Enquirer: 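Would you mind keeping the following structure in view while I ask a few things?
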Amino acid sequence: MNTYVTISAFSTLVMLAILWHLCDSMGHDKRGRICIYITSFVLTVAAALSCRYLQYTQPDNKLGGAILKFCASAPSVILALRGFLAEKNRFDLTVLCAIIIGLISDVVINLNLKAGAAMFAIGHIMYDIAFIREKRPSKKQILIWILLSLAGGAAVFSLRNKVASFPLVIFGAVYQCILVSTVVFSFSLKKIIFAAACIFAVSDIFLIYNMVAQSPFILTLLSLIIYYVSLLAYGIAIWKISYPHEKL
């Protein structure tokens, strides 16, 4: 592990400790919460940029990339964990587990594409479980999910000539069904939960596009940042909803 990764990881750990403390000392008023959101966002984006820089300059440094990916996801886990500890309900725990699965998936996908993609799908299913338990989807939502899934499936099959194997096309079709369900089933929940699901979906769309097309560097960087921001949005949502001093 080189000096760049060591310094980045150490700095992130220090900031995470500060963030944990801020949740106690400054989470009781609006200005304090805004400070926590800004700190989390800056930390997440800085770690994501560091990760992308390392991938660009040292593509073979898998360990360093994994550490920086962990750093980028950690603020989301911290906030979701604080939210869960505040109330310890099933919804918070399920979303927290989904965020952690996302963190692990992000590391695994660099080592094994199929395993990482499968874990991402499991993470989305965890979000679905949380959303359905919180509020059962209406018949209208189910109909919208089916229609969007059929449209998405058609789009995936239209790209089959650009994908290496037919089983991967099938997986892509199934994955987009799960992705669509996460967005549709979150619509009737808190607005911040719906926003997080939409941001996550956008990040996945960018990722799929980057896999089947020769994307410029700026798009690959943007997709990475959007993904980590989506996890952060979930973390903020759980903390904001569950934190005892801010009931929504």
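What you see is a predicted model; the values in this text were computed from it and never measured.
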Enquirer: Between W145 and C177, is there a donor-acceptor pair closer than 3.5 Å when you use the side chain of the first and the backbone of the second?
Expert: yes
Enquirer: Could you measure the distance from the CG atom of L232 to the OH atom of Y227? Nearest 0.5 Å is fine.
Expert: 12.0 Å
Enquirer: Report whether V180 and L150 are members of the same hydrophobic cluster (ILVMFWY, side-chain heavy atoms less than 4.5 Å apart, transitive linking).
Expert: yes
Enquirer: Give the cluster check for L85 versus I36: same hydrophobic cluster or not, with ILVMFWY residues linked at side-chain heavy-atom distances below 4.5 Å.
Expert: yes
Enquirer: For A130 versus V95, what's the shortest heavy-atom pair and its separation?
Expert: CB-CG2, 3.9 Å
Enquirer: For T182, does its backbone N or O pair with a side-chain atom of D128 as donor and acceptor, under 3.5 Å?
Expert: yes
Enquirer: For side-chain contact (heavy atoms from CB on, under 4.5 Å), just list the numbers for F131 and I193, CA-CA rounded to whole Å, side-chain angles, deciding distance to a tenth of an Å, and then say yes or no.
Expert: CA-CA 9 Å; F131 299 162; I193 292 289; 3.5 Å; yes
Enquirer: State yes or no: are the ring centers of F120 and Y175 separated by less than 6.0 Å?
Expert: no
Enquirer: Over all heavy atoms of both residues, which pair between V108 and G116 is shortest? Give the atoms and the distance, please.
Expert: CG1-N, 3.8 Å
Enquirer: Can you name the closest pair of heavy atoms from A233 and I199 and give their distance?
Expert: CB-CD1, 4.4 Å
Enquirer: What's the spacing between I104 CD1 and C97 SG if we round to 0.5 Å?
Expert: 9.5 Å
Enquirer: Side-chain heavy atoms under 4.5 angstrom apart, residues restricted to Ile, Leu, Val, Met, Phe, Trp, Tyr: same cluster for F194 and I125?
Expert: no
Enquirer: Starting at OH of Y127, measure out to CD1 of I129 and round the result to the nearest 0.5 Å.
Expert: 12.5 Å
Enquirer: Supply the atom-to-atom distance I236 CD1 to Y37 OH, rounded to the nearest 0.5 angstrom.
Expert: 6.5 Å
Enquirer: Determine, stepwise, if the pair L143 / K140 fulfils side-chain contact (heavy atoms from CB on, under 4.5 Å).
Expert: CA-CA 5 Å; L143 178 60; K140 184 178 180 180; 5.7 Å; no
Enquirer: Between S40 and L79, is a side-chain contact (heavy atoms from CB on, under 4.5 Å) present by the stated rule, with each step listed?
Expert: CA-CA 9 Å; S40 303; L79 290 175; 3.5 Å; yes
Enquirer: Quick check: do F91 and I238 have side-chain heavy atoms less than 4.5 Å from each other?
Expert: yes
Enquirer: May I ask you to test the P137-V184 pair for a side-chain heavy-atom distance under 4.5 Å?
Expert: no
Enquirer: Has S186 got a side-chain atom pairing as donor or acceptor with V183's backbone, closer than 3.5 angstrom?
Expert: yes
Enquirer: Measure the NZ-CD1 distance between K139 and I144 for me, rounded to the nearest 0.5 Å.
Expert: 14.5 Å
Enquirer: What pair of heavy atoms forms the shortest contact from A80 to L96, and how long is it?
Expert: CB-CD1, 3.7 Å
Enquirer: What heavy-atom pair brings T44 and V229 nearest, and what distance separates the two atoms?
Expert: CG2-N, 4.4 Å
Enquirer: Testing the 3.5 Å rule here: is there a donor-acceptor pair between the side chains of Y228 and D106?
Expert: yes
Enquirer: Hey, quick one: are F187 and L148 part of the same hydrophobic cluster, counting side-chain heavy atoms closer than 4.5 Å, chains of contacts allowed?
Expert: no
Enquirer: Rounded to the nearest 0.5 Å, what separation is found between the OG atom of S203 and the CG atom of L179?
Expert: 8.0 Å
Enquirer: Distance-only, no hydrogens or angles: does the Q176 side chain make a donor-acceptor pair with backbone N or O of S149 under 3.5 Å?
Expert: yes
